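Report on the structure given below.
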Amino acid sequence: MATGFDPEKAAAFVLRHGHSGWLDMQFRGIGDDWAELELPWREDLVGEPDRHVLASGPIISLMDMASGLAIWTRMKRFQAIATLDLRVDYQRPARERHHVIGRAECYRLTRSAAFVRGVAHDGDPEDPVAHIAAVFMSLPGRASRDGQ
Amino acid sequence: MANDLAVITPYAASLGIAVHGDEDGIPILHVGGEEITEGRPGFYHGGAISGLLETAGYAALRVALDAEGRKVQIKPINMTVQFLAPAKAAPLYAKARITKLGRRNANIAVECWQDDRERPRATAIMNVLLAESAG
């Protein structure tokens with residue numbers, strides 16, 4: 001189970017289906033303990049009828065997904081995980097008609113928990129739209145090869 | 001009283017979030033559990049759950065602000081979601097409680113549930129900034 005894990009293939013699989021697929025999340029990059037995704041701008045995802053800015057719901061989805069990928073990358077395998085807690089600190093609204101990039105880093109991994117932090121930005125990582133912090137739990141006995 | 005359309009943002013409508021009813025004037029929202037909300041097969045994506053919780057939070061806040069006749073712009077400060085149990089692909093309901101409504105900010109607690117209201121699937125705490133509009 002621990003062999004042959006390919007984060008890019010896993011990302012391609014999970015991003016094509018369900019909620020992530022509906023949001024059209026795109027894979028941008030991955031490292032030892034981080035993953036980066038992009039959420040394209042879309043008219044029907046705006047949070048306020050009078051402003052062309054992405055709602056925060058899709059941004060939470062983006063960061064949740066990037067967090068999961070960062071954790072699997074650090075684990076070097078695809079294991080069922082559940083989000084325990086996710087906090088978003090909004091810094092400023094995203095720019096009008098602008099895509100949002102989400103980068104999450106798994107900075108600590110224990111046997112049962114994974115700790116993640118990340119930023120969502122619309123071009124300049126030094127000027128983020130939001131910071132996030134999240135904790136995930138691995139679900140024992142539900143290891144899956146779906147992503148491979 | 002906020003009308004149904006005012007509390008559903010384009011994003012919420014697009015995700016399939018709708019007003020289910022209300023209790024003591026506070027809207028109860030729901031989402032259907034279709035494929036577009038799915039994360040792990042058969043269960044909701046955490047992001048879709050958060051989207052419902054957040055929409056329910058703003059809906060309750062809108063109603064409370066309207067009741068006081070206040071015209072303010074709502075700006076999110078932060079939101080913390082606790083995922084308590086997986087939500088299966090079936091209708092998911094959410095209702096918020098305004099914990100604090102001040103001049104400059106508000107604190108909101110939101111819960112969502114499925115079959116058993118006593119066993120919430122997720123809860124959220126939201127802090128928002130209230131900016132008095134010039135007009």
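Only heavy atoms go into these numbers, but all of them, side chains included; no hydrogens, no water, no symmetry mates. Here is how names work: the chains are called A, B, and so on, in the same order as the sequence lines, proteins then strands, and each is numbered from 1. Keep in mind it's a predicted model, so treat the numbers as computed, not measured.
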With a 4.5 angstrom heavy-atom cut-off, which part of [X] approaches chain A: side chain, backbone, both or neither?
X	answer
B:I77	backbone
B:L52	neither
B:E54	side chain

Where does A:D44 contact chain B at under 4.5 Å (heavy atoms): side chain, backbone, both or neither?
->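 Its backbone and side chain both get close to chain B.
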
A:P93, part contacting chain B, at a heavy-atom distance under 4.5 Å =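 For A:P93, neither part sits under 4.5 Å from chain B.
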
Backbone N/O of B:I36 and side chain of A:H19: donor-acceptor pair under 3.5 Å =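 Checking the backbone N and O of B:I36 against the side chain of A:H19, a donor-acceptor pair under 3.5 Å is found.
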
Select, from B:A122, B:P76, B:S50, B:A12, the one with the greatest count of heavy-atom pairs under 4.5 Å involving chain A.
->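 Most heavy-atom pairs within the cutoff with chain A belong to B:P76.
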
Working to the nearest 0.5 Å, report the span between CE of B:M79 and OH of A:Y90.
->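 Between B:M79 CE and A:Y90 OH, I get 6.5 Å after rounding to 0.5 Å.
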
If we define contacts as heavy-atom pairs under 4.5 Å, which of [options] has the most with chain B?
options	value
A:I59, A:D89, A:L86, A:L62	A:L86
A:I60, A:I132, A:D85	A:D85
A:P58, A:G21, A:A82	A:P58

Full working for side chain to side chain contact (heavy atoms under 4.5 Å, CB included) between A:L84 and B:F83 = CA-CA 5 Å; A:L84 270 190; B:F83 297 93; 5.9 Å; no

Can you find a heavy atom in the side chain of A:E43 that is under 4.5 Å from one in the side chain of B:P10?
->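 A side-chain contact under 4.5 Å is absent here.
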
